[in-house]
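First comes the structure, then the notes that go with it.
In what follows, chains are A, B, ... by sequence order, proteins preceding strands, each numbered from 1. These figures come from a predicted structure and were not determined experimentally.
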Amino acid sequence: MTLLAYAVLSLSNMDKKVRVRFAPSPTGGLHLGGVRTVLYNYLFAKKYNGDFIVRIEDTDQSRFVPGAEEYIFDTLKWCGLIPDESVQHGGDYGPYRQSERKESYRQYAEKLVKEGFAYYAFDTPEELEKMRSAYRTEQNPSPQYDHTLRDKMMNSLTLSENEVERFIGEGMPYVIRIKIPTQETIVFTDMIRGEVQFDSSLVDDKVLLKADGMPTYHLAVVVDDYLMKISHAFRGEEWLPSAPVHILLWKYLFGLENMPQWAHFPLILGPNGKLSKRDGSKYGFPVFSMNWTDPKTNELTEGFKEKGFIPEGFINLLALLGWNDGTEKEIFSLNELVESFSMERVHSSGAHFDYEKAKWFNHEWIKKSGVGTLKSGVKELLEKDGFIVSDDNKLEKVIALVKERCTLLPDFSDQSSFFFKTPAQIDTVSILPKWNTEKQQFFRELIRTYKLTTIWNAHETENALKEIAAAHQIKAGELMLPFRIMLVGGKFGPGVFDIAEIIGREETILRITNGLTFLAA
RNA sequence: GGCCCGUUCGUCUAAGGGUUAGGACACCACCCUUUCACGGUGGUGAUACGAGUUCGAAUCUCGUACGGGCUACCA
């Protein structure tokens, strides 16, 4: 489709208030793809000053999982993607939980039956299975309940009106199925993929209303999108094959001219095909936004949050997985994303998730983040790891000093433990080969000097060390590594004199003393 | 099997008929750094294949291959 035609098509929707919805089914943790769908919905809504709605699609009672809905909202909160309307945020188009809207769906299904666009079907699950096995061949491994087979089944198309009435009167369970027309080409324009076509003869008669009176996704999504005045409907690519059903429903029920604009997002793939939570444990990276414990099995699936991602990094990595602004810019804040986002630049092909790149985004954001935003998270983490963090001022200095070497939040623990705790042992192996009595003498004098130093800061401690080194005719460079290891315990960390300044005179002297003891042992 | 979507360095991607096919992650080398990082410089590395349209194709068309999704009274 040409750009021009596309622009003209979009025009019809421009006068409409932008209203988008994220419509998750509360069946477990939210994975990468789900959060990205939320994000793109949010970005689109905010970009056009529209409303971002969260609607819970819980029409399958057998799949109800306690805690899943709360988890979704916790994720949104953590990410800073706050809905304008939802179960938790209220709004004029509630209820926002489909199970609570149950009564509103039947009338639409019945209307379709009356108008000949749908029919009652009395086939039991066993009969359906019987039909499938009867018609299953190598050429057709999954026979569909469609125009070729519906007149062989038990439904209001094959039964007389009297029989249908009697069955219903007797309370025989039934579903309502859409009667898909034959030989019709169903076309729609996807905002990402352009024109997509389907041959209606190949589409099956999907169940609209289940025997328990609940709608299926197909009916509910159309009815609710209409009732909630949704202007743009975004979802994952896995929904593309059922788009013709939804388009037909829109045509029969509410008119194509009122149908939202569709966009189907590409899938996020794991290293080998579709991303699953199994990939997480297999390759050692998170798949869910936050920790999720399956209430049935008690199985814990680790989340990005607990792995040490900060929301800014997580959002950024997700946004760039299938979208870019056309420039070479890669680091975006949420506000910048809102500013730059456009649906047309969302890719149509699936993207493999790359954990290394994901970590890079987080690292960039940790470096970019101010001490203030990192402080509470780091403090919590350090205390969880058993360090006593009583001096906030010190904590701030430490964070500023080590953040550039932290990719994930827990790295702060490794990178700053020695600021809060005297090393219980040190890497003597790295010192010993070049250790000698001259150096020992040097450090003894360093202790004496440090005791008398009037001003305790990085500059003074460095000068003192250099002067004594010169007096002892030892190259300062020869002393840096031992000094570092005495203070830190190993060969890592920020500048040694910065460390000395922060841990203070007493502690510095203590660690040198300890170091000499370790080396003498 | 059928239907639908897709295919540019290993990965995320730029390039909308004319570019030495650009960037980022990762990797390698060097520089910086009296540790580890940060940072800097450079390097390896891609248009799936085949036809066609065109003076000219990563770009448009068709076919093939490959990958993915769907094919439930699940979403």
Within the 4.0 Å heavy-atom criterion, would you say [X] contacts the bases, only the backbone, or no part of the nucleic acid?
X	answer
A:D58	nothing
A:E237	base
A:V207	sugar-phosphate
A:R193	sugar-phosphate

Handout entry: d(CG, A:L401; P, B:rC36) in whole Å
Key = 16 Å

Handout entry: Spacing between A:H363 atom NE2 and B:rG39 atom P, to the nearest angstrom
Key = 7 Å

Taking atom [atom1] in both [N] and [M], what distance in whole Å separates the two?
N	M	atom1	answer
B:rU53	B:rG43	P	39 Å
B:rU44	B:rA21	P	14 Å
B:rG6	B:rA29	C1'	38 Å
B:rC49	B:rC9	P	10 Å
B:rC60	B:rG56	C1'	13 Å

Practice task
Establish, with yes or no, whether the OP1 or OP2 oxygen of B:rC73 is under 4.0 angstrom from a side-chain nitrogen or oxygen of A:R132.
Solution key: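 Yes, within the criterion.
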
Practice task
Would you indicate, yes or no, if B:rG39 has its OP1 or OP2 atom less than 4.0 angstrom from a side-chain nitrogen or oxygen of A:K367?
Solution key: yes

Problem - Working for ring pair (Phe, Tyr, Trp, His ring centres under 6.0 Å), residues A:F443 and A:H472 - result: CA-CA 11 Å; A:F443 279 104; A:H472 284 247; 10.0 Å; no

Handout entry: Contact list for RNA chain B against residues 59-70 of chain A - heavy-atom distance below 4.0 Å
Key =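 Listed by number, they are A:T59, A:D60, A:R63.
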
Exercise for the section: Consider only side-chain N and O atoms of A:D60 and A:Y217, and report whether a donor and an acceptor are under 3.5 Å apart. Expected result: no

Exercise for the section: Determine whether the side chains of A:E312 and A:S333 contain a donor N or O and an acceptor N or O closer than 3.5 Å. Expected result: no

Handout entry: Anti versus syn assignment for B:rC27, with syn defined as within 90° of 0
Key =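 Judged by the O4'-C1' to base torsion, B:rC27 sits in anti, the angle falling more than 90° away from 0.
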
Practice task
Taking the side chain as every heavy atom from C-beta outward, state whether A:H264 and A:I192 have any atom pair closer than 4.5 Å.
Solution key: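 Contact flag for A:H264/A:I192 side chains = no.
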
Handout entry: Nearest atoms (heavy-atom pairs only) where A:R55 meets A:V221
Key =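 Reported closest heavy-atom pair: NH2-CG2, 3.8 Å.
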
Would you tabulate the pairs of protein nitrogen or oxygen atoms and nucleotide nitrogen or oxygen atoms of nucleotides 10-14 of chain B closer than 3.5 angstrom?
unit_1: B:rC12; atom_1: OP1; unit_2: A:H352; atom_2: N; d: 2.8
unit_1: B:rC12; atom_1: OP1; unit_2: A:H352; atom_2: ND1; d: 3.1
unit_1: B:rC12; atom_1: O2'; unit_2: A:L320; atom_2: O; d: 3.1
unit_1: B:rU13; atom_1: OP1; unit_2: A:G322; atom_2: N; d: 2.9
unit_1: B:rU13; atom_1: O3'; unit_2: A:N324; atom_2: ND2; d: 2.7
unit_1: B:rU13; atom_1: O3'; unit_2: A:H347; atom_2: NE2; d: 3.0
unit_1: B:rA14; atom_1: OP1; unit_2: A:N324; atom_2: ND2; d: 2.9
unit_1: B:rA14; atom_1: OP1; unit_2: A:H347; atom_2: NE2; d: 3.2
unit_1: B:rA14; atom_1: OP2; unit_2: A:H347; atom_2: NE2; d: 2.9

